[in-house]
Amino acid sequence: MAEEFKVTPWEVTGDIDYDLLQKKFGTTPIDDALIGRLAKYGEIHPMIRRGIFYSHRDFDRILDEYDKGNRFTLYTGRGPSGNTHLGHMMPWIFNKWVQDTFKVPMLFQMTDDEKFLFKDLTLHDTTSMAYENALDFIALGFDPDNTKIILDSKNIDRLYPIALKVAKKINFSTAKAVFGFENTSNIGQIFFTSIEAAPAFLPTEMAGKQVPVLIPCGIDQDPHFRACRDVAPGLNYPKPCTLYCKMAPGLNGSDKMSSSDENATIYTTDTPKAVKKKVGRAFTGGKVSVEEQRRDGGNPEVCAVFKYNFFMFEKDDAKLNELADRCRSGEILCGECKMCLTEKINRFLEDHQAKREEAKEIIGSMAFDGFKW
Ligand code: TRP
């Protein structure tokens with residue numbers, strides 16, 4: 001029996017049983033048939049091949065429409081509550097692949113309102129953090145002519161008419177059942193889901209005709225999009241389709257990288273020295289002594305260092321399998337493995353940090369409706 005776990009848009013705790021979660025939420029597995037179908041559009045992303053993006057709602061329908069020549073719009077987002085870490089970047093990297101593969105427009109929502117309502121932060125904090133987080137998003141190379149960043153507190157005029165229609169269709173008892181609100185929840189929190197739903201319907205409003213929307217994101221956001229899909233037909237909007245990923249693990253062996261443990265979290269602005277220190281302290285599947293590990297081998301299954309190779313830093317399946325074999329046989333020890341991962345992360349961050357600087361030049365042009373940052 002797995003331990004109790006909890007996954008909501010605002011809280012993720014415990015050992016997550018992803019199959020059970022999928023059943024509880026009622027989402028559909030990404031099976032071999034769907035993966036086979038994807039192959040015709042280009043090389044399949046490792047996050048799909050490895051089951052990191054593992055669940056969906058109506059993704060097949062997005063492909064049906066695409067095949068008929070009906071292009072979809074991509075939508076994902078970020079709640080700007082702190083600095084960007086690798087766990088946040090993971091689904092964005094995948095979104096970039098979708099944009100490149102299907103050549104589609106992208107909307108990125110930054111919910112500074114949400115983080116103000118749900119965290120002990122000022123609106124000034126969350127709006128400033130949105131700017132910092134947006135630099136990381138842009139640095140990943142989204143097509144600047146085809147990508148717009150929505151900042152809720154600035155673009156509310158465009159979101160509000162849609163959010164109102166959504167809000168009128170969701171009653172308090174549904175919101176309570178889906179999100180677990182209590183009588184002490186502030187009333188902004190209760191309304192908020194209608195704001196996260198709005199960008200899913202915005203492309204249809206803007207085009208004046210039904211535009212399919214695909215939302216690739218962490219499965220913790222599903223409660224929002226379940227509610228959003230439920231109200232869509234009554235508002236004459238197409239139901240948004242979703243692709244869901246597992247949470248990126250923490251370096252401490254936890255199921256989710258989280259700013260609550262700074263030492264187990266790699267930020268995009270970390271120095272090479274900080275990365276070395278954090279990876280050096282990571283939870284591994286190693287044995288207590290070198291002798292024992294040479295004899296019995298390590299366990300990549302539970303190892304955070306291996307997981308980081310699996311999730312993001314070793315894209316070559318053959319090399320990944322070789323690493324697992326060398327670990328299990330006791331040939332490679334944790335020290336060496338940590339050094340290799342540190343190098344990979346630092347190479348990635350060096351490049352990312354340069355692009356993050358360049359992003360400052362174009363961030364203005366990517367603001368939805370040209371708002372001022
Ligand atoms: N609520 C999300 C968060 O806290 C931010 C967000 C807004 C989002 N719209 C989204 C995430 C769409 C994924 C997809 O991070």
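Counting starts at 1 for both ligands and their atoms, following the listed order. These values consider heavy atoms only, across backbone and side chains, with no hydrogens, waters or symmetry-generated copies.
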Of the backbone atoms (N, CA, C, O) and the side-chain heavy atoms from C-beta on, which set of Phe192 has a member under 4.0 Å from an atom of ligand 1: side chain, backbone, both, or neither? neither
Examine Thr76 against ligand 1 and note whether any of their N/O atoms are separated by less than 3.5 Å. no
Main chain of Ile195, side chain of Gln109: is a donor-acceptor contact present, judged purely on distance under 3.5 Å? yes
I need the nearest protein heavy-atom contact for atom 11 (C) of ligand 1: residue, atom name and distance, please. Gly77 O, 3.5 Å
Just by modelled atom types, is the Phe102 backbone N or O under 3.5 Å from a matching donor or acceptor in the Tyr66 side chain? yes
Do any N or O atoms from the side chain of Lys115 and from the backbone of Gly79 form a donor-acceptor pair under 3.5 angstrom? no
Please list, in number order, the atoms of ligand 1 under 4.0 Å from a heavy atom of Lys115. 4 (O)
Donor-acceptor contact below 3.5 Å, side chain Ser55 vs main chain Thr28: yes
Any side-chain donor near an acceptor of the partner, Asp67 and Tyr41, under 3.5 Å: yes
Relative to ligand 1, is Arg78 under 4.0 angstrom through side chain, backbone, both or neither, heavy atoms considered? backbone
Exam field: side chain Thr126 to backbone Pro80, donor-acceptor pair closer than 3.5 Å: no
Show the atoms of ligand 1 that are less than 4.0 angstrom away from any heavy atom in Glu114. 1 (N), 2 (C), 3 (C), 4 (O), 5 (C)
Heavy-atom proximity to atom 3 (C) of ligand 1, best of Gly79, Pro9, Cys217: Gly79
Quick test: of every protein heavy atom, which one is nearest to atom 2 (C) of ligand 1, and how far off is it to 0.1 Å? Gln221 OE1, 3.4 Å
Kindly determine whether Phe94 and Trp92 satisfy ring pair (Phe, Tyr, Trp, His ring centres under 6.0 Å), including the steps that lead there. CA-CA 5 Å; Phe94 181 78; Trp92 303 349; over 10 Å; no
Is it the side chain (CB and beyond), the backbone, both or neither of Thr111 that lies under 4.0 Å from ligand 1, heavy atoms counted? side chain
Non-hydrogen atom of His88 closer than 4.0 Å to ligand 1: no
Side chain Glu358, main chain Ala139, donor-acceptor under 3.5 Å: no
Do any heavy atoms of Trp10 fall under 4.0 Å from ligand 1? no
Hey, which atoms in ligand 1 end up nearer than 4.0 Å to a heavy atom of Ile215? 14 (C)
Please find out if less than 6.0 Å separates the ring center of His224 from that of Phe179. yes
Ligand 1 atoms nearer than 4.0 angstrom to some heavy atom of Phe225 are 12 (C), 14 (C)
Starting from atom 7 (C) of ligand 1, which protein heavy atom do you reach first, and at what distance in Å? Gln109 OE1, 3.2 Å
